[in-house]
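In what follows, a single structure is set out as structure tokens and then discussed.
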Amino acid sequence: MRLISYVCKQFSPEVMKYLCVAEKNDAAKNIAKFLSKGTSNRREGLSKFNKIYEFDCQVRGQQSRMVMTSVSGHLLNYEFSSQYRSWNSCNPVLLLDAPVNKFCPENNIKIKKTLEREIRGCNGLIIWTDCDREGENIGMEVVNVCTEVKRNIVVYRAKFSEITGPSVFRALNNLEEPNKNVSDAVNVRQEIDLRTGAAFTRFQTLRYKNVFPNILSDKLVSYGSCQFPTLGFIVDRYLLVQNFIPENFWKIKMNHKVGDLSTDFNWVRERLFSKEAVMMFLDICKDNPVANVENVENKPKNKWRPLPLDTIEMEKNISRKLKITAKETMKVAEKLYTQGFISYPRTETNIFPKELNLRELVEQQTNDNNWGPFANRILEEYGGPNPRQGKKSDQAHPPIHPTKYAENLQGKEKQVYEFIVRHFLACVSQDAVGHETVVHTDVSSEKFTARGLIIIKRNYLDVYIYEKWNAKEINDYKIGDTFTPTVLEMVEGQTSAPNYMTESELIAIMEKNGIGTDATHAEHIETIKSRDYVTLRDNNYFIPTNLGLGLVEGYNQLEMEISLSKPVLRANFEKDLQLICNGVKRPDEVLNDQITKYKEVYQQVMLKVGLIDRTLAQHLNDTPHEYQEPQFQTNTYRSLMKCPRCGSDINLRDMKNGRGKFIGCSGYPGCKYVIWLTFGYSEIEVLDESCNICGPDVKKLKIKFDQNPFLGEPNPNVLCIGGCDPAVLTALNISLTDNSGANNHSRTEAPSSRPAQNNTSFNNARPNQSVGIPNVRPNQSIIPNPPRPTRVVPPRNLPSSDDTIVCNCNEPAVLLTCQNNGPNNGRQFYKCYCNDPSRKCNFFLWAPEEGHGPEPRASAASAEEEEIKCKCAMMAVTKTVQKEGPNKGKQFYTCPKPMGSSCNFFKWVDEDNAAGGSTSYRGRARGRGRGRGGGANHGNRTLSNQPRAPRKCGICGQEGHTRTRCPNK
DNA sequence: GCAAGGTC
């Protein structure tokens with residue numbers, strides 16, 4: 001509560017306006033209805049899924065304005081960085097630790113925009129999402145979106161277990177803080193599910209379409225941490241049935257008939273697997289076939305009313321008794337919940353909270369024609385509701401119960417609602433009461449018993465029509481009675497295999513093993529049906545298909561310590577997630593553990609994959625083709641640096657039209673950060689070499705310019721665009737902070753000719769529209785490394801008359817020879833000798849040589865020979881007049897930028913450059929550069945005597961030196 | 001074309 005007391009001081013109490021966000025539209029509607037007491041005004045959100053309700057309400061003792069709206073489940077979703085999304089982009093194993101980002105899917109954008117719009121007018125936020133693990137995470141997504149727009153807002157969490165008037169007011173009067181631990185656990189769960197699911201799904205699909213093209217060429221052979229263990233349960237039962245060997249058994253049957261009343265007696269030995277032995281016992285009995293009644297037990301026997309209803313029990317019972325599938329049941333229950341007829345249908349709790357007014361709930365049902373009289377009996381005859389209590393609680397939702405009487409429901413809604421009401425009334429009523437009689441008899445020392453049942457009060461059975469309790473009348477025996485059995489004979493039987501698995505059993509075993517949630521069991525079952533892993537026999541029993549059986553058997557053949565089709569991996573993961581919730585384990589710790597485990601599994605699978613192939617081949621009855629490894633794309637991009645906007649990697653990427661490259665964020669489309677390369681180049685690549693100044697995350701770029709903007713520098717040049725050298729950014733027209741399109745035009749094309757994807761998406765990117773939330777691993781920062789303060793290097797002027805060249809470290813420079821294949825091949829240059837990265841000495845200087853000395857400028861330079869710069873210091877391009885007229889065909893220099901952002905520089909090619917007066921900055925001819933800035937600007941020696949505009953330092957703007965020698969660094 | 005979890 002510390003947060004709350006702190007932030008409350010930030011605002012004047014009379015102006016509080018809260019944005020309230022529920023998990024779904026109907027919940028928002030009902031919460032608003034109760035809180036506003038029916039006075040809320042409705043208006044439309046930007047999405048049809050989130051209406052907005054406005055009303056006044058007391059919050060923490062203050063009259064406040066409430067703006068109630070909703071999301072629609074999760075707002076964001078994890079996705080791989082774009083370069084990993086294509087199925088042939090990489091080996092699937094790389095997906096286990098490839099970069100992932102959270103982004104807002106297209107169909108949630110309007111919901112997100114609604115939140116962003118509404119929070120601007122509010123100074124508080126109250127999270128009303130469901131009070132479970134996922135709801136906490138959804139709430140945190142809302143908090144992140146809203147605080148990104150408006151930082152200083154009060155954030156509260158409303159905790160409620162049902163949407164009723166008392167419950168929501170109780171939540172409002174006991175506002176809490178969001179729980180970050182719980183939200184973190186969900187993030188880990190999401191990330192691991194995506195990584196493992198995608199990695200193994202791609203592996204299986206790509207491999208088996210190749211190995212069994214006749215059968216699986218078009219099949220999606222998916223893997224999921226829940227779907228595979230679910231398949232495994234069905235296969236286990238199937239194999240149990242298939243491998244079952246029946247055995248014959250024999251037993252003695254005894255019956256006694258008195259008039260019309262027939263009483264069966266059970267042999268205490270039940271059955272024996274030896275015919276001879278049973279025959280022997282029967283012979284003994286028949287020697288003196290008189291039954292002596294040794295004892296008669298009379299005792300009360302109750303049949304217990306059901307426990308309060310949780311989701312699993314609801315799914316199992318409705319599946320078994322009403323023959324409605326779990327998936328359908330949940331769909332119907334969800335609808336009933338959103339209509340306010342029942343409480344939240346996803347609950348693990350079977351204990352009613354004390355504060356829930358059960359009497360009121362029973363009273364709501366008293367007018368029904370079918371169960372109304374029973375409800376009245378609870379109130380009048382039983383002294384009010386008396387629930388049987390279970391032992392489970394999820395601390396979030398109460399057991400499923402009716403919250404409102406419904407009389408006009410139809411079809412399955414009616415059936416499900418009726419089940420929930422009858423179950424509720426049953427569990428708060430009384431156990432059925434009966435009387436049991438057990439008769440013990442002796443026939444020649446062999447014991448036989450008979451049981452009779454008299455039902456005294458049916459109680460809950462009157463309303464819970466789904467259960468039967470049959471009375472069994474037997475003869476009235478007394479101790480000491482003797483009688484001759486009507487039937488005394490040997491009967492033969494055979495053990496039988498268990499049945500294949502029913503849905504009800506499957507859900508039970510999933511729950512027991514922690515596979516899926518109460519909300520998703522039904523989904524996983526549907527998934528394995530749709531993948532053709534299992535099929536339904538007689539509309540009731542699950543059996544695996546050849547594919548499902550082959551896959552599970554294949555993995556089982558590997559005899560791995562941890563099998564993908566066994567539930568242990570998921571179960572252990574769930575335990576770790578709970579530890580994150582409890583604050584015992586750190587999320588990154590669990591994440592890394594899981595990734596390591598799955599990598600080991602993947603490696604083991606790869607080692608013995610032939611065994612899976614052969615097992616699958618047997619089950620599919622097909623000959624496996626030799627596996628051809630797909631040609632995975634090799635252009636998985638090397639990270640250039642971290643995105644200034646979202647912290648993901650940004651990479652040098654190919655334009656879709658193949659006409660160049662650009663630098664884009666791997667979080668696209670979540671993050672649309674992009675740098676267009678507006679300068680001319682023939683080669684560009686990201687090197688392994690990191691920038692000493694910007695840090696290890698920032699790699700250097702090697703660029704071969706069409707026209708080298710760095711006069712005298714080698715071409716190709718090795719540069720850093722991480723921000724350590726503003727002159728580089730200026731020369732390349734790159735802005736790291738402004739990404740609204742300052743350089744958002746392609747290298748050589750007008751924006752309209754860019755690929756459509758980039759043309760629309762990237763141009764629309766604005767900083768506050770970021771939808772990407774980076775997946776920040778522990779050692780990552782979401783903010784790129786800022787340029788470190790550059791070491792101060794005092795200017796060291798080289799003696800102009802001295803032949804010794806010294807570098808910026810004041811050490812003699814080393815004379816090297818250019819080895820590249822460019823025009824400078826074989827040419828000599830000076831470089832820092834000490835080669836100590838910590839010194840950050842970038843010294844470079846061409847050595848004077850014959851034929852490379854000062855040259856007179858060509859009087860009428862062609863574009864090839866002369867470098868002309870425009871007003872924005874870009875290398876001017878040569879164009880030819882196309883317009884009809886006297887100048888048609890004449891060449892001119894102009895700014896390389898497209899119309900609209902051009903500096904409008906203009907100069908005729910044949911104009912006398914030497915005359916001066918031009919606005920251009922003239923450089924050296926290609927391949928004839930000298931020291932940076934033409935030598936003179938290095939301050940060490942002049943290697944060119946060409947007339948030129950004075951160069952200014954890219955860092956401090958002063959003349960007389962350049963960035964490498966800047967005293968103000 | 002991948003997961004599981006929300007919800008419509």
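Taking atom CD of A/E136 as the reference point, atom P of B/dG6 lies 14 Å away to the nearest angstrom. At whole-Å resolution of the value, CG in A/L551 and C1' in B/dC2 are 15 Å apart. Rounded to whole Å, atom P of B/dG6 lies 20 Å from atom CG of A/N50. Counting to the nearest Å, the P atom of B/dA3 and the OH atom of A/Y78 are 18 Å from each other. Remark: C1' of B/dG5 and CG of A/L75 are 14 Å apart, rounded to the nearest angstrom. Rounded to whole angstrom, the span from the CD atom of A/Q227 across to the P atom of B/dG5 amounts to 11 Å. Taking atom CD on A/E526 and atom P on B/dG5, their separation rounds to 15 Å, with Å as the unit.
Counting any heavy atom pair closer than 4.0 Å across all strands shown, A/G135 reaches no nucleic acid atom. Across all strands shown, A/F200 has no heavy atoms under 4.0 Å from either base or sugar-phosphate atoms. At a threshold of 4.0 angstrom between heavy atoms, the contacts of A/T517 are confined to the sugar-phosphate backbone, with no base atom among them. Note on A/K335: nothing from the nucleic acid sits closer than 4.0 angstrom, heavy atoms only. Among the protein residues, A/R133 comes within range of no part of the nucleic acid, since none of its heavy atoms lies under 4.0 Å from any strand. Nucleic acid contact for A/E134: sugar-phosphate only, since backbone atoms but no base atoms lie under 4.0 Å from a heavy atom of the residue. Counting non-hydrogen atoms under 4.0 angstrom, A/A199 reaches nothing in the nucleic acid. If you check every strand for non-hydrogen atoms under 4.0 Å, A/E523 touches nothing. At a threshold of 4.0 angstrom between heavy atoms, the contacts of A/Y344 are confined to the sugar-phosphate backbone, with no base atom among them. Within 4.0 Å of A/N137, counting heavy atoms only, lies no atom of the nucleic acid at all.
The aromatic rings of A/Y344 and A/Y337 stand perpendicular to each other, their planes meeting at an angle above 60°, with 30° marking the opposite boundary. Taking the six-membered ring where tryptophan is involved, the planes of A/F160 and A/W128 are tilted, since the angle between them lies from 30° to 60°. Classified by interplanar angle (parallel below 30°, tilted 30° to 60°, perpendicular above 60°), the ring pair A/F200/A/Y602 is tilted.
With the nearest nucleotide of DNA chain B identified for both A/S217 and A/I515, A/S217 has the one nearer the 5' end. Summary of the strand contacts: A/H74 and A/E79 both lie near DNA chain B, and taking for each the nucleotide with the nearest heavy atom, the more 5' one is attributed to A/E79.
Atom NZ of A/K209 is separated from atom CD of A/Q204 by 13.5 Å, given to the nearest 0.5 angstrom.
Close to B/dA3, at under 4.0 Å from its OP1 or OP2, lies no side-chain N or O of A/Q190. Distances shorter than 4.0 Å separate some side-chain N or O of A/T520 from OP1 or OP2 on B/dG5. Applying the 4.0 Å criterion to OP1 and OP2 of B/dA4, one finds that A/R195 has every side-chain N and O outside that range.
Nearest nucleotide to the side chain of A/S225, out of B/dA4, B/dC8, B/dG1: B/dA4. Here the side chain of A/N108 is nearest to one of B/dG6, B/dC2, B/dA3, namely B/dG6. Comparing B/dG6, B/dG1, B/dG5 against the side chain of A/C226 picks out B/dG5 as the nearest. Comparing atom distances between the A/T338 side chain and each of B/dC8, B/dG5, B/dG1 picks out B/dC8 as nearest. Of the candidate nucleotides B/dG6, B/dC8, B/dA3, B/dA3 has the atom lying nearest to any side-chain atom of A/D193. For A/L194, whose side chain is taken as the heavy atoms from C-beta onward, the closest listed nucleotide among B/dC8, B/dA3, B/dG5 is B/dA3.
Side-chain N/O atoms of A/S222 and base N/O atoms of B/dC2 include no donor-acceptor pair closer than 3.5 Å.
Annotation: cation-pi geometry satisfied between A/R207 and A/Y627 (NZ/CZ under 6.0 angstrom from ring centroid, within 45° of ring axis).
Residues forming a side chain to side chain contact (heavy atoms under 4.5 Å, CB included) with A/N88 (at least two apart in sequence, or on another chain): A/S86, A/Q633. For A/R43, the side chain to side chain contact (heavy atoms under 4.5 Å, CB included) criterion is met by A/I52, A/E54, A/V67, A/R117, A/E118, not counting sequence neighbours.
Stacking here means ring centres nearer than 5.5 Å and ring planes tilted less than 30 degrees, and by that measure A/W87 stacks onto B/dG1.
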